[in-house]
Amino acid sequence: MASKHVGLFVLFQLLALNVVSQTSAFPTPTPASADDKTVYNRQLTEERPLQEQIAEADSVKAAVQSAESEQNHDDFTMLKSLAEGPKSKETTEVPAKKRDDQYIPDESDSTKSRRLAEDYDSTKNGMDYGKYQDDPESFRQIDGTPLTADAIVQKIANKIYEEDDRGVFDRIVSKLLKLGLITENQADTLEYKVAEALQDLITKNAKNNEIEDVDQEARGAQDDEDSDTNADTWEPPRRRYEEDEDEEDDEIEDEVDRDAEEDGDNIWDRDAEDGNEVSPEDGLQDLQYFPNFYRLLKSLNSEQDTQERETLITIMKTLIDFVKMMVKYGTITPEEGVSYLENLDAMIAMQTKNKLGKPLLPPEFTGPNEKNLDEDDNTKAEAAKMQKEYENLKDSTKEEQPSAETNRPGKSETYLEAIRKNIEWLKKHNKEEGKDDYDLSKLKDFMDQQVDSYIEKGIIAKDEGDTIKRIYSSL
Amino acid sequence: MKHFLAVVFGAALVTLVSAAGTDGAISFEYHRYEELRKALVSVWLQCPTITRIYTIGESFEGRELLVLEMSDNPGTHEPGEPEFKYIANMHGNEAVGRELLIYLAQYLCNQYQQGNETIIDLIHNTRIHLMPSMNPDGFEKAASQVKKQHPGEIKDWFVGRSNAQGVDLNRNFPDLDRIIYINEREGGANNHLLQNMKKAVDENTKLAPETKAVIHWIMDIPFVLSANLHGGDVVANYPYDETRTGSTHEYSASPDDVMFKSLARAYSMYNPVMSDPHRAPCRKNDDDSSFKDGITNGGAWYSVPGGMQDFNYLSSNCFEITLELSCDKFPNEETLKSYWEQNRNSLVNYIEQVHRGVKGFVRDLQGNPISNATVSVEGIDHDITTAKDGDYWRLLAPGNYKVAASAPGYLTVIKKVAVPYSPATRVDFELESLMERKEEEREELMDWWKMMSETLNF
């Protein structure tokens, strides 16, 4: 028992160290969105030095990348030479499209950068990224170094593994076949070899990479596949790959959000399968795991709500990414991450019900949301979001406070508080009695009258009366 | 046995009230005039459908004598709904009552909104008037001087007690006790003794503006039950305050002595300090021999002429008692919360006492209300009158009574009633006017004459 405790203690120490050294995990935004970056960084002061660490890691990885690609260049030269000319164009089509598609979200979705996701997503290492990037070039290496067949196989296997997308293989092979570069036989062999390589990759990663598993599990809440990947072999991925392939082929004019999903995370691909039929709501598949949030979004169907919808979606995704990053870098355990995300949805439901009375957002929602983008405390983010929504519902009662404060702070606050309690009670009371919403205009008129008569009788001072009238007229 | 039952009933009530209540929203501090005003306005803003603020006039220095009214239909007397009032701080330096009424207003509003059924029922069935300060000028004096000194010093015993003119408001009311004592001996009215009230009041130069305002108020609204909050001791004091023989201490019972004792006990029993039989007197040499179960007859304690309590009983239908709530007249602010704790249940329970005895309407045979009809109870030498809608409320202790309703030009009707502790028993009267009876008799006579003439053939 004692040893177990010691063991746990040691493990905890390691984790703590891990946490301390890797509390970064926060995606650094692309230069294109400098504003957000500064805001981000402001929130994450303690992580800034770690970002530098990450930057270092980046450069290291990049160095490795280039080293590897140099080697790969050799291996691929053969293929490259074969694939010169028209081939190159075609072979680059799909991957290029993918890459382009993947790049687009970076500019518009400033809270995420593809580079980051690629870099810090442990299921894709820089090498693979480089490989992926090289894919279009794999058949026409820039450096001109040739690639061996094994390297090709390895590359494809890695690509499939990181993309969780068997379609990669199919695409490549079909292209090769089409161009007559390989025979069917060779295609079969290739497939066999790639399958082997992939299997090795899976088993190897299952053993070696603790964090990776953790990461998988974190997303596993939403994506059982990843955890399954380690256990299963082809089947689940194959199924998904095919569907994904279809999807990806269709997504030439994808919405930004949808692409953002495809871009970074395997998990979202998995969700994409489920959300296939909801193509108008591309990018929301993942959010299906947040039924309440999803409902909230659904309620924003009108045209003018598009902005809010998009903002909401962005925020949600940011939060989710952040949680994933935190899990990945060990800041929180995967269970915590999962439970947080679950709680998030529950909290959305509750806050929506409590504060808004119905799951609709007020028109002024965009404003506070944009601020909320920058909150690193996610529980606060949601709560603050809901709080702001509620306060926006009350509109200028919030605005009233500053102006009234110039006169008599304590009193107007008390009055405001009292009025608020009355409105709350009226709402609740009318609900309980099954009446329609209380008639605000009647109440306003009544209160105005009363206030006037009270001023006349010397019960209320003129400025107090004005304050009260103002508060009521702003409701 | 009755006592035991009352205690049990009371205990249940306490549990109900305390279980339902949280005083989290009340902030326990002293309120100067502005703060008092704001506090009342805040209660009104929070509960505008069940409250109304009004003023019955101005103090000598121009401060409004503010009243917060609470009922389901503020501003209106609903026929059959009894009127109740609390008045505090008529002695400006007796500050606890003033604060308690502010806290009570906040409490009732909060509890109403939180769904406390006892409070909701109370507010729906009573019209409650709260006047935290009858002497705001005196309070300002007392409050400013207390700040400079240590509380408990003898100086604060008097500063701020009287109004700005130096008038002790609780000696300023027309002394109707003397008149009643004469009438007891020589015969005369046993109620509503201030004849030509309005004229008498307006032309009386000795009356302070605060006193006048309250008298007008009493004449305007048909109050049924009331209490007047003081400080300097801890007891519930009931009429009569002035001794019959003029001596300094003498038990001076009113015709409703039984009922008054019951009312005073209804307050004291929920105040743990007041009802503590082993409570030491507030000051070493105090004579509290007249205190029993936390109550005392006024005259038995010490004679008070011209007090507001007796004025209520003798000039109107209103039964009023005097509540002394603290040994210290102007205690430390930190103690206010505990005073609230001691008095909250009593304050609520006392309001509930208004729903006792018999009540109803006096109408004529056509159903029209008869206002100012007299309702008398056999064996109790104190009558009450009906209000504008013919409605009346006669507080009575449990027992069997004969209740009579009479009005000039009408034939008196007597009814037998068995009265429980509570709630009030509804007894309506339909009075036949004398004219109607004459008419009836004439008709009867005519019929008889007709019959006779037919029979006898003339």
Side-chain angles (χ1 to χ4, degrees), chain A residues 394 397 400 404 407-433 435 438-475, chain B residues 24-27 29 31-59 61-69 72-75 102 105-117 119-120 123-124 131-133 136 213:
Chain A
K394 295 194 306 172
T397 55
E400 273 312 309
N407 296 334
R408 289 176 221 205
K411 180 176 59 182
S412 56
E413 274 166 27
T414 329
Y415 288 176
L416 188 61
E417 185 62 24
I419 292 172
R420 187 181 69 76
K421 283 186 191 165
N422 180 36
I423 302 295
E424 265 180 36
W425 176 78
L426 275 171
K427 278 195 186 139
K428 191 177 110 184
H429 187 67
N430 281 323
K431 243 190 224 138
E432 282 168 7
E433 306 225 327
K435 290 187 207 159
Y438 64 94
D439 191 342
L440 183 57
S441 63
K442 255 199 215 147
L443 180 66
K444 260 189 253 179
D445 289 337
F446 171 72
M447 293 305 284
D448 275 357
Q449 260 177 10
Q450 290 290 88
V451 165
D452 282 334
S453 100
Y454 282 14
I455 292 173
E456 215 184 329
K457 292 183 185 153
I459 295 169
I460 300 184
K462 182 92 182 32
D463 64 331
E464 290 177 327
D466 289 340
T467 308
I468 294 168
K469 278 192 199 171
R470 238 196 343 258
I471 293 173
Y472 264 98
S473 63
S474 67
L475 285 176
Chain B
I26 300 176
S27 124
E29 56 202 5
H31 295 71
R32 300 289 284 261
Y33 178 71
E34 276 300 304
E35 289 142 8
L36 166 79
R37 196 176 55 77
K38 285 176 217 168
L40 294 182
V41 172
S42 298
V43 172
W44 169 66
L45 285 173
Q46 185 183 337
C47 293
T49 51
I50 56 165
T51 62
R52 184 179 79 104
I53 304 178
Y54 63 96
T55 165
I56 63 167
E58 285 181 9
S59 71
E61 287 176 351
R63 295 182 176 87
E64 297 296 338
L65 302 172
L66 295 169
V67 179
L68 181 87
E69 169 195 344
D72 55 348
N73 215 340
I102 297 171
Q106 293 167 345
Y107 177 77
L108 292 176
C109 170
N110 288 337
Q111 289 299 305
Y112 186 89
Q113 288 188 334
Q114 285 170 31
N116 180 332
E117 296 202 2
I119 304 297
I120 291 173
I123 289 178
H124 284 181
M131 184 192 282
S133 179

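Quick note on labels: first sequence line is chain A, next is B, and so on, each numbered from 1. Quick caveat: nothing in here was measured; it's all calculated off a predicted structure.
Taking CD1 from Ile459(A) and CG from Leu40(B), the interatomic distance works out to 9.5 Å, rounded to the nearest 0.5 Å. In this structure, the separation between CD on Glu417(A) and CD on Gln46(B) is 8.0 Å, given to the nearest 0.5 Å. Rounding to the nearest 0.5 angstrom, the gap separating the NZ atom in Lys38(B) from the CD atom in Glu464(A) is 6.5 Å. One distance of note links NZ of Lys421(A) with CD of Gln114(B); it measures 8.5 Å at 0.5 Å rounding.
Between Ala418(A) and Ser42(B), the shortest heavy-atom contact is CB-O, 3.2 Å. Listed here is the closest heavy atom pair of Ile53(B) and Tyr454(A): N-OH, 2.6 Å. Contact detail for Gln450(A) and Trp44(B): the closest heavy-atom pair is CB-CZ2, 3.3 Å.
Under the 4.5 Å side-chain criterion, counting only non-hydrogen atoms from C-beta, Pro48(B) is in contact with Met447(A).
Contact annotation for Leu66(B): only side-chain heavy atoms (C-beta onward) come within less than 4.5 Å of a heavy atom of chain A. At a 4.5 Å heavy-atom cutoff, the contact between Glu64(B) and chain A is made by side-chain atoms alone.
Looking at residues two or more places apart in sequence or on another chain, you find no salt bridge (Lys or Arg N to Asp or Glu O under 4.0 Å) involving Glu29(B). Residues satisfying the salt bridge (Lys or Arg N to Asp or Glu O under 4.0 Å) test with Glu61(B), not counting sequence neighbours, are Arg63(B).
Between Leu45(B) and the choices Ile468(A), Asn422(A), Ile471(A), the side-chain contact (heavy atoms from CB on, under 4.5 Å) rule is met once, by Ile468(A).
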Task: side-chain contact (heavy atoms from CB on, under 4.5 Å) between Trp425(A) and Asn110(B), intermediate numbers included - done: CA-CA 10 Å; Trp425(A) 176 78; Asn110(B) 288 337; over 6 Å; no
